[in-house]
Amino acid sequence: MTDFMTTMEERGFVHSCSNTIELRRALGDGPVTAYIGYDATAQSLHVGHLVNIMMLRWFQKAGHRPITLMGGGTTKVGDPSHRSDERPMLSEEEIQSNIANMQQVFGNYLTYNEASNGAVMRNNADWLDGLNYLSFLRDIGVHFSVNRMLGFDSVRGRLEDQKSLSFLEFNYMILQAYDFLELYEQEGCRLQMGGSDQWGNIVNGIDLARRVRGTEVFALTTPLLTKADGTKMGKTATGAIWLDPQKTPPFKFWQFWRNTDDRDVARFLKLFTELPVAECEALAHSEGAALNDAKIMLANEVTTLCHGREAARAASNLAQGGRDEQALDALPTLELAGPTKLVDVMLQVKAASSGKNAKRLIAQGGVSLAEIVQDDPGSVVELEHGESRILGVGKSNRFRLVGTAA
């Protein structure tokens with residue numbers, strides 16, 4: 001059994017820990033069960049979730065038992081953390097659909113089975129949906145101080161900005177704390193992990209377990225991740241980078257990592273790959289062509305974990321001008337039934353926000369067709385029936401154009 005905490009510290013995963021000495025002791029005594037919660041507010045997970053997913057992966061590799069807790073219940077309430085307004089309410093059908101999509105992603109990183117360290121998936125709707133409100137207030141609500149709850153960042157920030165905070169949202173931190181207590185009692189779970197923005201919610205769970213069961217459970221949080229340019233991890237000009245290949249094709253996913261800022265290479269290699277730390281640091285200290293090779297290594301490794309080795313190979317091959325059929329099939333495709341202005345093609349595939357924006361990209365040399373740079377904003381694309389060409393826009397966007405009969 002490897003030392004999980006040492007791995008986390010060396011690779012840059014640790015922001016805060018509630019009791020490092022005692023947690024290390026518990027981890028050393030034998031398999032520990034830990035969980036991370038995921039509310040089903042979107043149709044998939046995106047790369048902003050990868051830090052915590054990788055944390056669960058390393059936890060399992062170290063011989064411990066991870067739980068992925070799906071927020072079928074808490075999604076109906078909405079986490080107010082780092083929100084200036086209330087989340088839109090989702091229907092039961094939308095929540096279940098989102099959960100099903102997210103479950104497929106977890107299967108790429110964790111092994112769910114009956115082994116001592118086999119991953120477990122739970123849904124907090126199993127215990128939250130059937131709660132008796134008065135009994136819950138009496139048995140659980142009595143342990144929470146409103147004065148203390150008003151001091152948490154997720155609440156205080158909203159109130160200071162004079163933004164509405166519904167009573168529904170105010171209850172979120174109590175429900176999350178109750179999740180920890182339930183998982184302790186049902187699964188023997190002693191550790192909750194998550195982003196640093198969840199620290200207050202997790203600490204509430206620690207306090208509740210101590211008050212109700214007289215036991216110590218633990219918290220371990222990761223830093224909130226931003227890129228070197230200050231932008232949010234997983235966000236691009238064209239939207240989020242999803243872990244679902246139906247929402248972000250493997251080629252675009254690969255290109256996102258290939259275009260990593262030089263300043264982020266070392267950090268991302270340690271966080272998002274399983275390469276040894278020394279190798280990550282050596283790769284990141286490369287220069288010129290060698291640094292580009294390090295970025296390709298990063299893209300290959302992250303794409304392999306998320307989509308498989310073959311998808312990573314196909315994406316890498318396509319990026320270098322190859323025509324791998326698997327990668328081509330995964331690209332967004334536009335059928336052209338006749339001569340079409342290049343600007344209109346770009347608008348149809350949503351590679352530009354306006355005709356003016358499309359013309360500017362072309363004039364700047366940011367658009368290619370079959371690997372040939374297009375510098376004429378007035379050019380026309382004409383394909384024979386069955387002919388296929390790759391349209392490249394910027395560093396990371398590729399589209400497949402196919403000629404069809406008029």
Side-chain angles (χ1 to χ4, degrees), residues 1-9 11 13-40 45 49-74 99 102-103 105-128 140 173 175-196 198-199 201-222:
M1 184 177 292
T2 58
D3 188 337
F4 171 70
M5 285 300 293
T6 297
T7 299
M8 291 296 94
E9 290 166 354
R11 302 187 80 94
F13 282 89
V14 178
H15 180 270
S16 299
C17 182
S18 60
N19 189 336
T20 304
I21 294 175
E22 289 302 316
L23 177 56
R24 278 186 174 276
R25 182 176 290 118
L27 292 167
D29 288 342
V32 169
T33 298
Y35 88 96
I36 296 179
Y38 297 86
D39 280 342
L45 300 165
H49 293 104
L50 263 185
V51 170
N52 287 332
I53 294 175
M54 289 299 294
M55 184 181 245
L56 287 173
R57 182 176 172 87
W58 282 112
F59 191 71
Q60 185 172 43
K61 286 167 69 73
H64 302 289
R65 181 172 174 251
I67 296 176
T68 45
L69 179 65
M70 310 311 296
T74 44
I99 288 176
M102 293 163 69
Q103 287 174 338
V105 172
F106 286 120
N108 296 329
Y109 294 90
L110 302 172
T111 301
Y112 292 86
N113 58 29
E114 299 300 320
S116 61
N117 70 327
V120 176
M121 186 166 288
R122 296 298 308 270
N123 187 333
N124 62 17
D126 293 344
W127 52 82
L128 294 181
I140 302 300
M173 64 183 73
L175 296 178
Q176 184 170 331
Y178 186 65
D179 284 345
F180 203 170
L181 180 63
E182 280 289 326
L183 288 176
Y184 170 76
E185 294 182 336
Q186 295 185 29
E187 304 284 353
C189 182
R190 298 188 61 198
L191 171 64
Q192 183 181 172
M193 303 187 291
S196 59
Q198 294 298 313
W199 178 256
N201 291 338
I202 299 175
V203 168
N204 273 330
I206 292 174
D207 189 52
L208 183 62
R210 178 180 58 80
R211 290 173 179 270
V212 175
R213 293 290 177 260
T215 190
E216 181 174 20
V217 293
F218 305 97
L220 180 64
T221 60
T222 58

Q) Is L128 close to Y178 at the side-chain level, that is, under 4.5 Å between some pair of heavy atoms? A) yes
**Q.** All pairs passing side chain to side chain donor-acceptor pair (under 3.5 Å) where residues 105-120 contributes a residue, at least two apart
**A.** T68-Y112
Q.
Do W127 and Q186 have side chains that approach each other closer than 4.5 Å (heavy atoms only, starting at C-beta)?
A. yes
Q | Minimal non-hydrogen separation, L110 against P66, with atom names | A | CD2-CG, 4.4 Å
Q) Once you round to the nearest 0.5 Å, how far does SG of C17 lie from CD of E22? A) 10.5 Å
Q. Which distance, rounded to the nearest 0.5 Å, do you find between the CG of N52 and the OG1 of T222?
A. 4.0 Å
Q: Answer yes or no: is there a side-chain heavy-atom contact under 4.5 Å between F218 and V32?
A: no
Q: Look up atom CG in N201 and atom CD1 in I206, then write down how far apart they are to the nearest 0.5 Å.
A: 11.5 Å
**Q.** Side chains of V120 and Y35 in contact at under 4.5 Å (non-hydrogen atoms)
**A.** no
Q) Closest heavy-atom contact between M102 and D39? A) CE-O, 3.8 Å
(Q) Taking the side chain as everything from C-beta on, heavy atoms only, tell me whether N124 gets closer than 4.5 Å to L175. (A) no
**Q.** Which atom of L69 lies closest to which atom of L183, heavy atoms considered
**A.** CD2-CD1, 4.0 Å
Q.
Using 0.5 Å steps for rounding, measure from the CG atom of L45 to the CG atom of L50.
A. 8.5 Å
Q: Kindly indicate whether the side chain of W58, heavy atoms from C-beta on, has any atom under 4.5 Å from the side chain of R11.
A: yes
Q) Between F180 and N204, does a side chain to side chain contact (heavy atoms under 4.5 Å, CB included) hold up when you go through it step by step? A) CA-CA 9 Å; F180 203 170; N204 273 330; over 6 Å; no
Q. Which heavy-atom pair separates V217 from A209 by the least distance, and what is that distance?
A. CG2-CB, 3.8 Å
Q: Check whether any side-chain heavy atom of M193 lies under 4.5 Å from a side-chain heavy atom of F13, and answer yes or no.
A: no
**Q.** Contact summary for A125 and G72, nearest pair of heavy atoms
**A.** CB-C, 3.8 Å
Q: Please list all pairs passing the side chain to side chain donor-acceptor pair (under 3.5 Å) test where one or both residues lie in residues 205-220, with sequence neighbours left out.
A: N19-E216, Y184-T215, E185-R213, D207-R210, D207-R211
Q) By ring pair (Phe, Tyr, Trp, His ring centres under 6.0 Å), which residues pair with F59, not counting sequence neighbours? A) F4, H64
Q: Rounded to the nearest 0.5 Å, what's the gap from CE on M8 to OG1 on T20? Could you check?
A: 13.5 Å
Q. With a 4.0 Å cut-off, would you call R65 and E187 a salt bridge?
A. yes
**Q.** side chain to side chain donor-acceptor pair (under 3.5 Å) assessment of Q192 paired with Q176
**A.** CA-CA 10 Å; Q192 183 181 172; Q176 184 170 331; 3.0 Å; yes
Q) Nearest heavy-atom pair of Q60 and A119: which atoms, and what distance? A) NE2-N, 3.2 Å
Q. To the nearest 0.5 Å, what is the distance between CD1 (I202) and CG (L220)?
A. 8.5 Å
